[in-house]
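The structure under discussion is supplied below as structure tokens; questions concerning it will follow.
This structure is a prediction, so every number in the text was calculated from the model and none was measured.
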Amino acid sequence: MNPVQFLAASSGLGVGGFDPAPALIAAVFMAARPSETPEQARGVRRDVLLFGTVLIGGTALWGVGLSLLVGERLASVPWHGLLRAGGWAAGVELLLAIAGFCAAGHKWVHRNDPPREEKARNRAGLMLVALGFVAIVTADVPFIVTIGLSSHQPVWVVIPAFIVWAVVSQFPLFVLCIAVLFNKHRKVSQLIGRVWDSLRRWVRWAVPIGLASVSVLLLLDAARFFLLGHFLIG
């Protein structure tokens with residue numbers, strides 16, 4: 001994979017890690033903090049910019065660091081052989097299918113629940129949230145795949161690739177931060193809230209259906225191995 005292909009793959013994988021939650025948290029923070037005076041307004045804008053910088057910049061920096069530390073090891077793991085390695089792999093698929101059905105059922109039952117209100121956070125709480133999102137991205141499969149793909153790329157490509165990944169995955173927050181820079185954040189914040197309100201109902205239907213669909217495929221794959229001795233794929 002050449003550098004251009006890797007950058008393109010990083011952008012696509014960033015879409016896989018897309019998460020609108022930090023932008024919603026930042027919007028709630030701005031709405032909850034007092035901003036009657038110019039000093040207060042500047043303080044709120046500064047906090048949101050710091051939040052976005054820590055979260056997006058920290059994610060990119062974390063990706064570059066992990067790429068340099070463990071990228072080659074991840075790339076050298078024979079993932080296909082491990083994932084298709086007989087009975088234990090089928091057993092793992094079966095457990096994942098059961099867990100997926102449970103999660104899908106729970107989300108389906110609660111799909112019409114009223115939305116939870118985001119907590120109003122202070123500056124320290126906002127920074128802790130940013131660091132928490134940076135930490136949990138380590139468990140994000142598209143992030144891990146990007147680290148593996150980066151193993152044979154030069155550092156001058158790895159750095160912008162993870163910046164792109166972080167920006168794409170946190171695009172609503174990135175747009176909100178740009179708006180804050182130009183003091184247009186109120187309109188953007190309201191737009192993000194309206195878009196999410198319009199999508200929330202469909203997301204609450206799509207997520208359990210998606211989880212159930214993946215679980216069915218895992219169950220069929222495992223069942224085929226136990227019955228016929230080989231998987232549906234591979």
Side-chain angles (χ1 to χ4, degrees), residues 13-67 69 103 106-107 110-144 146-147 159 162-201 203-204 207:
L13 289 164
V15 174
F18 182 78
D19 186 1
L24 295 171
I25 291 170
V28 170
F29 176 84
M30 287 191 297
R33 303 295 290 177
S35 56
E36 287 81 9
T37 67
E39 292 77 13
Q40 289 175 330
R42 282 195 295 269
V44 172
R45 292 172 62 196
R46 184 171 58 247
D47 291 344
V48 171
L49 284 174
L50 182 59
F51 173 70
T53 301
V54 170
L55 203 159
I56 296 174
T59 298
L61 188 62
W62 185 229
V64 172
L66 289 177
S67 172
L69 289 172
H106 179 268
K107 288 186 175 296
H110 294 282
R111 68 189 184 282
N112 293 321
D113 289 358
R116 292 183 302 174
E117 292 187 4
E118 289 285 348
K119 293 189 300 181
R121 294 174 171 86
N122 57 23
R123 181 182 302 169
L126 197 64
M127 295 308 109
L128 286 175
V129 169
L131 293 174
F133 273 102
V134 173
I136 63 176
V137 77
T138 313
D140 198 333
V141 173
F143 187 73
I144 296 171
T146 306
I147 293 171
I159 293 173
F162 276 102
I163 292 174
V164 168
W165 195 100
V167 169
V168 171
S169 66
Q170 295 294 337
F171 191 69
L173 178 61
F174 177 75
V175 171
L176 182 60
C177 287
I178 296 299
V180 168
L181 275 175
F182 293 97
N183 202 21
K184 303 291 184 182
H185 50 283
R186 288 183 178 83
K187 292 182 179 179
V188 174
S189 173
Q190 292 169 357
L191 176 62
I192 290 173
R194 286 198 302 269
V195 170
W196 176 242
D197 285 341
S198 65
L199 291 177
R200 182 187 286 115
R201 178 171 176 268
V203 170
R204 288 188 166 192
V207 169

The test is side-chain contact (heavy atoms from CB on, under 4.5 Å); show your working for Phe133 and Leu173 and say whether it passes.
CA-CA 13 Å; Phe133 273 102; Leu173 178 61; over 6 Å; no
Phe51: ring pair (Phe, Tyr, Trp, His ring centres under 6.0 Å) partners, not counting sequence neighbours
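Once residues adjacent in sequence are excluded, Phe51 has no partner under the ring pair (Phe, Tyr, Trp, His ring centres under 6.0 Å) criterion.
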With sequence neighbours left out, the residues meeting side chain to side chain donor-acceptor pair (under 3.5 Å) with Thr146 are Trp165
Can you list everything that forms a side chain to side chain donor-acceptor pair (under 3.5 Å) with Asp19? Sequence neighbours excluded, please.
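Asp19 satisfies side chain to side chain donor-acceptor pair (under 3.5 Å) with no residue once adjacent residues are dropped.
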Who passes side chain to side chain donor-acceptor pair (under 3.5 Å) against Thr53, sequence neighbours left out?
none
Where do Met127 and Asp47 come nearest, in terms of heavy atoms and distance?
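For Met127 versus Asp47, the nearest heavy atoms are CE-O, 3.6 Å.
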Using 0.5 Å steps for rounding, measure from the CZ atom of Arg45 to the CZ atom of Arg42.
8.5 Å
Taking all non-hydrogen atoms of both residues, which atom of Ser67 and which atom of Phe162 are closest, and how far apart?
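Heavy atoms of Ser67 and Phe162 come nearest at CB-CE1, 4.0 Å.
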Pairs touching residues 124-139 that satisfy side-chain hydrogen bond (donor to acceptor under 3.5 Å, both in side chains), sequence neighbours left out:
Trp62-Thr138
Taking the side chain as every heavy atom from C-beta outward, state whether Leu66 and Ile144 have any pair of such atoms under 4.5 Å apart.
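A side-chain contact is absent here, since even the closest heavy-atom pair is not under 4.5 Å.
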Only pairs under 3.5 Å count here: list side-chain donor-acceptor contacts from residues 174-181, not counting sequence neighbours, and write none if there are none.
none

side-chain contact (heavy atoms from CB on, under 4.5 Å) assessment of Leu55 paired with Val129:
CA-CA 9 Å; Leu55 203 159; Val129 169; 5.7 Å; no
How far apart are the closest heavy atoms of Gln170 and Ile56, and which atoms are they?
CB-CG1, 4.0 Å
Ser169 and Gly17: which non-hydrogen atoms are nearest, and at how many Å?
CB-O, 3.5 Å
Quick one: CG on Leu131 to CD1 on Ile136, what's the gap to the nearest 0.5 Å?
11.5 Å
Indicate the atoms forming the closest heavy-atom contact of Gly63 with Ile147, along with that distance.
O-CG1, 4.4 Å
Closest heavy-atom pair and its distance - Ala166, Ala60:
CB-N, 4.0 Å
